[in-house]
Amino acid sequence: MSIVKLCGNRSEQDTRRSGQSDATHLGFIFVEGTKRNVAAEEVGRWVDRIQPVQKLAGVFVEPSTAQVAEVLKHVPLDIIQLHGNETVSEVLKMKETFAVDVWKAIHHDGHGQEKMELFRGTVDGYVIDAKVKGAHGGTGVTFDWEAVPAYVKTAKEQQVPCLIAGGITPANVAEVLAFHPDGVDVSSGTETNEAKDETKIYTLVKEVANHAARIS
Ligand SMILES: O=C(O)c1ccccc1NCC(=O)[C@H](O)[C@H](O)COP(=O)(O)O
């Protein structure tokens with residue numbers, strides 16, 4: 001089964017809806033000034049009450065170790081997802097400081113492979129996302145999925161998973177899965193009116209399961 005990360009949960013209801021699905025990972029955005037930004041204390045309360053079975057990922061943009069430590073005080077994150085222009089030494093610092101996996105977002109821009117080479121041996125996974133001026137993620141914009149196999153190959157050589165993000169929806173997820181990523185990371189495509197939509201979540205996860213059944 002592919003990784004299905006439902007990201008950008010911004011309320012207890014979102015977390016419940018995502019948590020009740022067969023997704024493998026839930027994501028929360030800790031990026032001030034963005035529309036899905038959430039407070040760690042609140043997320044901690046939602047997670048306490050809901051007890052989701054999924055792994056939890058916290059999305060950050062160039063965070064300090066103090067910011068991540070503060071979030072970890074409240075939320076038992078399994079993964080720190082770095083979605084900005086973090087350097088290799090910043091990633092290493094996170095790995096040394098916290099006992100959690102680090103996933104690095106790479107924005108598709110023609111230099112993705114070079115960036116993945118830089119992070120070889122330091123990260124535990126990649127999220128390849130669309131590059132959109134003025135935004136770090138959660139844009140609902142796709143990129144040219146013909147580029148996916150090269151990213152997947154590089155991640156496989158590094159023995160880490162490669163997720164694809166950016167504009168994935170229940171209607172197009174089968175199309176991206178045909179390029180054989182290890183999973184998908186979805187925010188906008190599982191929302192209606194800025195809240196998680198149970199039908200969209202169900203349909204997306206079912207499409208992923210159907211794809212897995214077809215290729216097994
Ligand atoms: O989702 C956000 O608002 C966000 C803000 C700042 C940095 C990263 C962000 N999201 C990261 C994700 O993991 C999203 O799932 C990914 O970018 C895909 O988003 P979408 O195109 O909306 O499915």
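Order of appearance sets the numbers: ligands from 1, and atoms from 1 within every ligand.
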Asks: Find the distance between CZ (F179) and CH2 (W145) and round it off to the nearest 0.5 Å.
Replies: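 Going from CZ on F179 over to CH2 on W145, the span is 8.5 Å.
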Asks: Do K196 and T190 get their side chains close enough for a donor-acceptor pair, meaning under 3.5 Å?
Replies: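 Checked: K196/T190 side chains pair up, N/O donor to acceptor below 3.5 Å.
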Asks: State the atoms of ligand 1, each with its element, that fall below the 4.0 Å cut-off from a heavy-atom position in H136.
Replies: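 Checking each atom against H136, I get 7 (C).
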Asks: Ligand 1 and V59, any nitrogen or oxygen pair closer than 3.5 angstrom?
Replies: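 Checking ligand 1 against V59, no N or O pair falls under 3.5 Å apart.
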Asks: Can you see whether N9 engages S18 through a side-chain donor-acceptor pair at a distance of less than 3.5 angstrom?
Replies: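 Short answer, yes.
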Asks: Only counting residues at least two apart or in another chain, list the ones meeting side chain to side chain contact (heavy atoms under 4.5 Å, CB included) with S64.
Replies: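 For S64 the side chain to side chain contact (heavy atoms under 4.5 Å, CB included) partners, ignoring immediate neighbours, are A66, Q67.
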Asks: N/O to N/O below 3.5 Å, does that happen between R36 and ligand 1?
Replies: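 In this structure, R36 places an N or O atom under 3.5 Å from an N or O of ligand 1.
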Asks: I'd like to know whether ligand 1 has G8 as a neighbour, heavy-atom separation below 4.0 Å.
Replies: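 False for this residue.
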Asks: Students should be able to answer this: which protein heavy-atom is nearest to atom 18 (C) of ligand 1, and at what distance?
Replies: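 Looking at atom 18 (C) of ligand 1, the protein heavy atom closest to it is G166 N, 3.7 Å.
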Asks: Give a yes/no verdict on whether any heavy atom in G27 is under 4.0 Å from an atom of ligand 1.
Replies: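 The answer is no, since G27 has no heavy atom less than 4.0 Å from ligand 1.
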Asks: Angle class for the H107/H83 ring planes (parallel below 30°, perpendicular above 60°, tilted otherwise)?
Replies: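 Answer is perpendicular, since the angle exceeds 60°.
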Asks: Return the option from G167, G138, G84, G137 holding the heavy atom at the smallest distance from atom 19 (O) of ligand 1.
Replies: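 Nearest option to atom 19 (O) of ligand 1, by heavy atoms: G138.
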Asks: May I ask you to check if K104 and F119 form a cation-pi contact, with NZ or CZ under 6.0 angstrom from the six-membered ring centre and within 45° of the axis?
Replies: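 Because its charged atom sits under 6.0 Å from the ring centre and within 45° of the axis, K104 does stack over F119.
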Asks: Are F98 and V88 joined in one hydrophobic group, where the rule is that I, L, V, M, F, W and Y side chains link up if heavy atoms are under 4.5 Å apart?
Replies: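 Yes, it is one cluster - the side chains of F98 and V88 are joined through contacts under 4.5 Å.
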Asks: Can you check whether I29 has an N/O within less than 3.5 Å of an N/O in ligand 1?
Replies: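 So ligand 1 has no N or O lying under 3.5 Å from an N or O of I29.
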Asks: Just checking, any donor-acceptor pair under 3.5 angstrom between side chains of Q54 and T24?
Replies: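 No.
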Asks: Is the shortest distance from a Lys or Arg side-chain nitrogen in D22 or K206 to a carboxylate oxygen in the other one below 4.0 Å?
Replies: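 No, this pair does not count.
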Asks: Using a strict cut-off of 4.0 Å, indicate which atoms of ligand 1 neighbour a heavy atom of H83.
Replies: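 This gives 8 (C), 11 (C), 12 (C), 13 (O), 17 (O) as the contact atoms.
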Asks: Among the heavy atoms of K5, does any lie under 4.0 Å from an atom of ligand 1?
Replies: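 True for this residue.
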Asks: I'd like to know whether ligand 1 has K35 as a neighbour, heavy-atom separation below 4.0 Å.
Replies: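 Not so, K35 does not reach ligand 1.
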Asks: Which residue holds the protein heavy atom closest to atom 13 (O) of ligand 1, what is that atom called, and what is the gap in Å?
Replies: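 Answer for atom 13 (O) of ligand 1: D185 OD2, 2.9 Å.
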Asks: Do any nitrogen or oxygen atoms of T34 lie less than 3.5 angstrom from nitrogen or oxygen atoms of ligand 1?
Replies: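 No; the residue has no nitrogen or oxygen that sits under 3.5 Å from a nitrogen or oxygen of the ligand.
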Asks: Considering only the protein, which heavy-atom contact is closest to atom 23 (O) of ligand 1, and what is its distance?
Replies: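 Going by distance alone, atom 23 (O) of ligand 1 is nearest to S187 N, 2.9 Å.
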Asks: Looking only at side-chain N and O atoms, does Q113 offer a donor or acceptor that is under 3.5 Å from a partner on Y151?
Replies: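 No, because no side-chain N or O of Y151 sits under 3.5 Å from a partner of the opposite role on Q113.
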Asks: Report yes if C7 has an N/O atom closer than 3.5 Å to an N/O atom of ligand 1; otherwise report no.
Replies: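 Min N/O separation from ligand 1 is not below 3.5 Å for C7.
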Asks: Against heavy atoms of Q81, which atoms of ligand 1 measure under 4.0 Å?
Replies: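 Those atoms are 13 (O).
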Asks: Nearest to atom 17 (O) of ligand 1, what protein heavy atom do you find, and at what distance?
Replies: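 For atom 17 (O) of ligand 1, the nearest protein heavy atom is D129 OD2, 2.5 Å.
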Asks: Looking at R36 and E191, is there a salt bridge between them, counting it only when a charged N and a carboxylate O are closer than 4.0 Å?
Replies: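 Looking at R36 together with E191, the answer is yes, because their closest N to O distance falls below 4.0 Å.
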Asks: Check ligand 1 against S188 and write out every atom of the ligand that is under 4.0 Å from a heavy-atom position of the residue.
Replies: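 Answer for ligand 1: 20 (P), 22 (O), 23 (O).
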